[in-house]
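Please read the structure below before turning to the comments.
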Number of protein chains: 2
Amino acid sequence: MRAFPPDLPEDVVPEGTKGRILRAALVAFAERGFHGTSIRTIADVAGINSATLYSHFAAKEQILEALVTIGVRELLARLEEALVGTSTGLERLDAIMRATVLGHARYPLLSVVSNSEFHVLSDEIAAPALVPVAEGARLLRAALAQGTAEGSFNISDPTITARTLEGMAQRIPHWINPGTDDPNHLADEYVLLARRLVGAPAP
Amino acid sequence: MRAFPPDLPEDVVPEGTKGRILRAALVAFAERGFHGTSIRTIADVAGINSATLYSHFAAKEQILEALVTIGVRELLARLEEALVGTSTGLERLDAIMRATVLGHARYPLLSVVSNSEFHVLSDEIAAPALVPVAEGARLLRAALAQGTAEGSFNISDPTITARTLEGMAQRIPHWINPGTDDPNHLADEYVLLARRLVGAPAP
DNA sequence: GTCTATAGCGGGATAGAC
DNA sequence: GTCTATCCCGCTATAGAC
């Protein structure tokens, strides 16, 4: 997780100083957490004075809000795109797992910040960011229910199974090495593990 | 995770003020994190003046060190006790999963602090606390290797499988409700999921 | 061991010149 | 938009009386 490039989805990151602030905060929040990071550190890494930061964000918390929003939207967008053209529950589970793994592998710092620092946000700020998260969880539960109805899955406890599937991919950013780990191989492995968890045949 | 009793293993928690400090810090660190918690908050919850805290701990970091040490030792002790009398790889995997789930369910706050705030500790202080963690990971890998050698398991990627098994139980404290969730039922479910992950027959 | 009081520093955020 | 300078507050930790 250290020394990762401060990658953010290019199409939604502002140009110029604001983008540099976001990338600097991304690295710092992922390494030290929100409360462990000072605005002076963010400003230094972004190459600006700490006062300049407030021309782009009204408060430190709003930097985190921007990052979390980008992160949860990116993952949901990947999920929805991956589900296009699927029909069976098994196909949808495969698509969800693959998209989730690839998302976490592509933006590991963003995934860490989105998941680990979420609770720092005030309730009012966190609520809108929770919407894509809830929608992603709903898509997973729907796939599990569909596969079960179709007779493809054999699930003892749907809630625990869903939570386990969600948690599996979230751990990837904590150990992945972008230089040596192949995201597509990881995705294959996680699709296999997911099928096993739900009692479906191997891919 | 909110409103959990500040439970710590009784046999290793100091009596009196020092124990109250540890219990207060346990709740605060679990809810807000180390950097999000002030000395004064800990002291208030413990019912003492903030200065008194320094008669028991030399620094804020040493409170966290004490909690993390208790947490990782508790989990390893449970693992080792659970492995007594086991012989096959399958029996050992079952024992490891059950003990881990029961440990996280019994001391959810301690598990959260041990896992989530570990990285805050300086390298010198973290190193000793990492020893029981590494030993626990070694016991799991050994069980996987043994079960594979015995023909009981069918594992595609041992590293990913081990990481997944470790991560599964770690998420329990984030959603468990001690009033309604039965730890033994949870343990049964996780043993089932673990067997599926490694390609072993259902329990 | 526990307190009152405070040192000393770094935090988030703002004012105002350019 | 960016800077210098600074406010003000809360933080960790300490000094010293009891």
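Keep in mind that what you see is a predicted model, and the values were worked out from it rather than measured. Letters A, B, ... are given to chains in the order of the sequence lines, protein chains preceding strands, and every chain is numbered from 1.
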Q: Spell out protein contact along nucleotides 2-18 of chain D as letters: B when the base is contacted, S when just the sugar-phosphate is, - when no protein heavy atom is under 4.0 Å; keep the 5' to 3' order.
A: BBB------BBBBB---
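Residues T164(A) and T161(A) bring no donor and acceptor atom of their side chains to less than 3.5 Å of each other.
Of the charged side-chain nitrogens involved, none lies within less than 4.0 Å of a carboxylate oxygen, so that D7(A) and R23(A) do not count as a salt-bridged pair. The pair R138(A)-E135(A) meets the salt-bridge criterion, with a side-chain N (NZ, NE, NH1 or NH2) lying under 4.0 Å from an Asp/Glu carboxylate O.
Atoms CG (L53(B)) and P (dG1(C)) sit 13 Å apart, rounded to a whole Å.
Checked against salt bridge (Lys or Arg N to Asp or Glu O under 4.0 Å), R20(B) has no partners two or more places apart in sequence or in another chain.
Put simply, the side chain of T37(A) gets close to the backbone of A28(A): a donor and an acceptor are under 3.5 Å apart.
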